[in-house]
Amino acid sequence: LNGGAVPSAPPTYT
Amino acid sequence: MAVVNEGALKKMLSKQYKYRDLTVREINNVIFHYKDLKPVMDAYVFNDGSSRELMSLAGTVPVSYRGNVYNIPICLWLLDSYPYNPPICFVKPTSTMMIKTGKHIDANGKIYLPYLHEWKHPQSDLYSLIQVMIVVFGEEPPVFSRPTTQPPFQPFQA
């Protein structure tokens, strides 16, 4: 792995 | 993080990019400031089904939304006429994310912004584009986490 940031997203849109 | 030096980058772009030195300079500037984006040559499939090896910048950008920072996955494709045409930009949801379509994002994750629509070299560049994206996504995130799987409904049994 290249050590890039782990993708993340805001909590579920409601 | 993989280090891509300028010589390697020039070599990657040597075959087809008409404005290679301009393109290399911009890519270097972006990956210096955004360490989680990296240049990758990959096959881009056009709407007509044809494909071509193009340079992309793939990875994540940090987006602040309601007090938290999220690493939003994106991919920016550079046409061989770059920087005289805007990059083709996508959000790339992981399996735990869903695209939130809106005026800036379609169901394929393609990104639409006035900055891209009004792209004009040399006023427009990749670094500024990414800054615009970060601001726009901070107001309207292009992806959200998928709802966690609910346990299957258990019908009441007497």
Side-chain angles (χ1 to χ4, degrees), chain A, chain B residues 1-4 8 30-31 33-40 56-75 90-102 104-105 107 109 130 133-134 136-150:
Chain A
L1 289 174
N2 63 30
V6 177
S8 53
T12 313
Y13 181 82
T14 49
Chain B
M1 186 77 216
V3 174
V4 180
V30 166
I31 62 181
H33 288 97
Y34 295 101
K35 308 284 186 196
D36 296 312
L37 287 176
K38 63 171 188 165
V40 183
S56 65
L57 274 170
T60 66
V61 287
V63 170
S64 177
Y65 177 68
R66 296 186 180 172
N68 292 305
V69 176
Y70 301 95
N71 298 313
I72 303 296
I74 59 167
C75 184
F90 291 90
V91 61
K92 303 292 285 184
T94 66
S95 60
T96 63
M97 299 177 188
M98 52 199 289
I99 291 171
K100 173 71 172 69
T101 57
H104 300 303
I105 307 289
I130 290 167
M133 274 184 193
I134 286 171
V136 170
F137 292 169
E139 291 162 4
E140 269 183 67
V143 284
F144 283 88
S145 298
R146 281 186 185 281
T148 47
T149 312
Q150 298 291 319

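Below, chain A is the first sequence line, B the second, and so on; all start at residue 1. Just so it is clear, the values below take in all heavy atoms, side chains as well, and ignore hydrogens, waters and symmetry mates. What you see is a predicted model; the values in this text were computed from it and never measured.
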Write down the atom of [X], the atom of [Y], and the distance for their closest heavy-atom approach.
X        : Y       : value
A/Ala5   : B/Thr60 : CB-OG1, 3.6 Å
B/Asp36  : A/Gly4  : OD1-CA, 3.5 Å
A/Val6   : B/Asn71 : O-ND2, 3.1 Å
B/Ser145 : A/Thr12 : O-OG1, 3.1 Å

- Test item: A/Pro10 and B/Arg66 side chains (from C-beta on) under 4.5 Å apart, heavy atoms: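 When only atoms from C-beta onward are counted, B/Arg66 and A/Pro10 do not touch, as no gap falls below 4.5 Å.
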